[in-house]
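The sequence lines fix the lettering, A, B, ..., with proteins before strands; numbering per chain opens at 1.
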Amino acid sequence: MKNLELAEIFREIALILEIKGENLFRIRAYQRAAQNIEGLTEDIEDFIRTDRLKEIPGIGADLSERIKEFVKTDRIKVYEDLKKSIPAGVLSLLEIPSIGPKTAKMLYGKLKIKGIADLERAIEEHMLEGIKGVKEKTIANIQKGITLLKTGKEHMPLALAMQIADDFVSALKKIPGIGNVCVAGSLRRRKETVRDIDILAVSDSPKKVMDTFSTLPAVKDILAHGQTKSSIRTQDGVQVDCRAVDVNSFGAAMVYFTGSKNFNIKLRQIAIKKGLKLNEYGLFRKNKFVAGKTEAEMFKHLGLPYVEPELREDTGEIQLALKSKLPILIELKDIKGDLHVHSKWSDGMNGIEDMAQAASKLGYSYIAMTDHSQSLRVANGLNKDDLKKKRLEIDKVNKKMKNFRVLYGTEVEINSDGSIDYSEDILKQFDVVVAAIHIAFKQGKEKLTSRIVNACRNKHVHIIAHPTGRLWGTRDAYDINFDEVLKVARETNTALEINSFPNRLDLNDTNVRRAKAAGVKIAINSDAHIAEQLKVMQFGIFVARRGWLERKDVINTLPLEQLLKTIKNEN
DNA sequence: GCCGTTTTCGGCCCGACTGTTTTCAGTCG
């Protein structure tokens, strides 16, 4: 699958064109194409094979040819030529905050600066001084930008961002007379990682909000401080933007500030077609205010149903919204149980009853106690004798608890040779079998794919846990043929997991969408090792929603009896 | 470079903040 590679190239073409000062709309066309290709749930080569390239929004005659050229020859001539015209390092200048295409072009044109190291040297040697339009502050900002780039946090996991955002929101809510205070931006869209935090506040006196915001104890640097909009960096290097609006503009501002950028552009185009103007203050007809107080009324006046924030990425949701065919996204309250949970029997910290009680308190009606299997010694995997004792304990807990069922489960190891860590005899006794890879994940694409595919083909395996194995900040996804996995999972009625652990979130949103498109069922599980961790389920739900999942796509939204029938292939 | 119940040519989202200017360009979201 060459989708991501291709998107990357288009994006780079756009950057080079930007520096060269080319037509802005040509640049945007490449950016848009890159984004749309990235969001595809299907292999780009399939589009070529079936002659549907031009059905992808933003792909016309020219880009179709470029795509075909790339798939066929692995290169794009236009791109190769462009790369020759500008040294690679010049593009890296754009990563520095405060440096955009114009500045990068000027630096390269006037001072032959070909990268960040060059730029630092030039500043040291006072070479920037005396250039038209560059004074002390510009130089200071570039220096600050370089420092930020080197030390600053690039992206942080959603869970961390939510905590930081909560602190800011509570602090702002203490301002006397303040109205709504909400997070917006990619955080509200629940992207798995976010670069900065956006907060929107309703107030009659925006200046007061700005002053309070920029002087909170967590603030280290003030990046901008205006009348209605400010931007700061925290002691930990996280950028937080805050904007204050009038109560009548709250909905418009939420739409605007939540994004995504491309989603906003699409909405504004729709507005124009209706003879309206859309900005962060509202919808206007000839400067007359039409709507703006709530998001719901904004969408309504644009002729659209409410679009959930997680969908607002301009990857086809607007087209569906126009036809009123948006998916009804799954919610946390739809989850009836957790099918991947550990206890003291393997590497968990709580006993079976503790986990069951905690799950019951969350409103679940079942959990599967899926402790590790015998070969995974580091996690205290269970042998045959352990399993017998564990089963007795489960029976005991089940007798005691009302309206709740502990399912006898395992997270069985997919061994390095592709075999399953328990024999058929043992496997068939479990209510729920989750299979997973924890060892030998550098075997290469073919071998890894065949291990997972074999597990799917084992009739006792119901779910593949954390199917791509990525660990945020530690380990990339395994190199597997995901299309092959989807095909076999579908054939064998094996569910793929969304592992909700904040550093896993595996499957991710794009893969979830691909799985749904392929007709594969999903299980959203916590993988909790202590009772408190059952609550990470919400992060899996975020991923599911970003992957367009509805209740019916997820097996653990089913009541117990139906769930058992479904996973055992009995209906 | 894309796209079309206004159009196959001429449009293409909109505004805040900053730093440098004498009215605005560049950057950012």
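Across all strands, A:Ile27 comes closer than 4.0 Å to no nucleic acid atom at all (heavy-atom distances). Within the 4.0 angstrom heavy-atom criterion, only backbone atoms of the sugar-phosphate kind lie near A:Ala61; the bases stay farther away. At a threshold of 4.0 angstrom between heavy atoms, the contacts of A:Ile99 are confined to the sugar-phosphate backbone, with no base atom among them. Residue-level contact check: A:Asn23 touches the bases, meaning some heavy atom is under 4.0 Å from a base atom. Within the nucleic acid shown, A:Leu267 has no heavy atom closer than 4.0 Å to any nucleic acid atom. Within 4.0 Å (heavy atoms only), A:Asp62 reaches sugar-phosphate atoms of the nucleic acid but no base atom. Within the 4.0 angstrom heavy-atom criterion, only backbone atoms of the sugar-phosphate kind lie near A:Lys277; the bases stay farther away. The residue A:Tyr256 sits close to a base: some heavy atom pair falls under 4.0 Å. Note on A:Leu63: only backbone sugar-phosphate atoms sit closer than 4.0 angstrom, heavy atoms only; bases stay farther off. Across all strands, A:Arg243 comes closer than 4.0 Å only to sugar-phosphate atoms, never to a base (heavy-atom distances). Counting non-hydrogen atoms under 4.0 angstrom, A:Lys137 reaches the backbone sugars and phosphates but no base. When heavy atoms are screened at a 4.0 angstrom cut-off, A:Ser230 is found touching no nucleic acid atom at all.
Comparing B:dC9 with B:dC14, their P atoms sit 25 Å apart, to the nearest whole Å. Comparing the C1' positions of B:dT20 and B:dA25 gives a spacing of 9 Å, expressed to the nearest Å. Taking atom C1' in both B:dC2 and B:dT7, one finds a spacing of 14 Å when rounded to whole Å. Rounded to whole Å, the P atom of B:dT23 lies 26 Å from the corresponding atom of B:dC28.
Protein atom CD1 of A:Ile222 is 10 Å distant from nucleotide atom P of B:dT18, rounded to whole Å. Between A:Glu136 atom CD and B:dT21 atom C1' there is a gap of 16 Å when expressed in whole angstrom units. The nearest whole Å value for the distance from the NE2 atom in A:His225 to the C1' atom in B:dG19 is 17 Å. Atom CG in A:Leu93 sits about 16 Å away from atom C1' in B:dG26, given to the nearest Å. In this structure, CD1 of A:Ile56 is placed 12 Å from P of B:dC2, rounded to the nearest angstrom. For the pair A:Arg268 CZ and B:dG15 P, the computed distance is 7 Å after rounding to whole Å. The CZ-C1' distance, from A:Arg26 to B:dC3, rounds to 17 Å in whole Å. Nucleotide B:dC28 holds its C1' atom 16 Å from the CD1 atom of A:Ile96, rounded to whole Å.
Donor-acceptor pairing under 3.5 Å, judged by distance alone, is absent between the side chain of A:Tyr281 and the base of B:dG15.
Checking B:dC14, B:dG29, B:dC3 against the side-chain heavy atoms of A:Ile272 singles out B:dC14 as nearest. The side chain of A:Thr103 has B:dT27 as its nearest neighbour among B:dT18, B:dT27, B:dC13. Checking B:dG29, B:dA16, B:dC12 against the side-chain heavy atoms of A:Gln269 singles out B:dC12 as nearest. Here the side chain of A:Thr138 is nearest to one of B:dC17, B:dG1, B:dT20, namely B:dT20.
In this structure, B:dT8 makes no Watson-Crick or G-U wobble pair, since no nucleotide meets both defining distances under 3.5 angstrom.
An OP1 or OP2 oxygen of B:dG19 is reached within less than 4.0 angstrom by a side-chain nitrogen or oxygen of A:Asn141. Of the side-chain N and O atoms in A:Ser64, none sit less than 4.0 angstrom from OP1 or OP2 of B:dG1. Contact annotation: A:Arg66 side-chain N/O to B:dG1 OP1/OP2 distance is under 4.0 Å. Side-chain nitrogen and oxygen atoms of A:Asn279 include at least one within less than 4.0 Å of the OP1 or OP2 phosphate oxygen of B:dG15. At B:dC28, none of the side-chain N or O atoms of A:Lys229 fall inside 4.0 Å of OP1 or OP2 (strictly under the cut-off).
For A:Lys112 and A:Tyr108, the positive end sits near the middle of the six-membered ring, less than 6.0 Å away and at most 45° from its axis. A cation-pi arrangement is found for A:Lys2 relative to A:Phe70, the charged atom lying closer than 6.0 Å to the ring centre and inside a 45° cone about the ring normal.
Glycosidic conformation at B:dT5 (O4'-C1'-N9-C4 for purines, O4'-C1'-N1-C2 for pyrimidines): anti, more than 90° from 0.
When each of A:Gln227 and A:Ile131 is assigned the nucleotide of DNA chain B with its nearest heavy atom, A:Gln227 is the one assigned upstream, toward the 5' end.
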TODO: Test salt bridge (Lys or Arg N to Asp or Glu O under 4.0 Å) on A:Arg243 and A:Asp198 and set out the steps.
DONE: CA-CA 8 Å; A:Arg243 188 143 183 185; A:Asp198 300 309; over 6 Å; no
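Donor-acceptor pairing under 3.5 Å is lacking for the side chains of A:Ser500 and A:Gln538.
With sequence neighbours left out, A:Gln31 forms a side chain to side chain donor-acceptor pair (under 3.5 Å) with no residue at all.
Using cut-offs of 30° and 60° on the angle between ring planes, the pair A:Phe213 and A:Phe168 is tilted.
Residues A:Thr138 and A:Ile131 form no side-chain contact, since every pair of their non-hydrogen atoms from C-beta on lies 4.5 Å or further apart.
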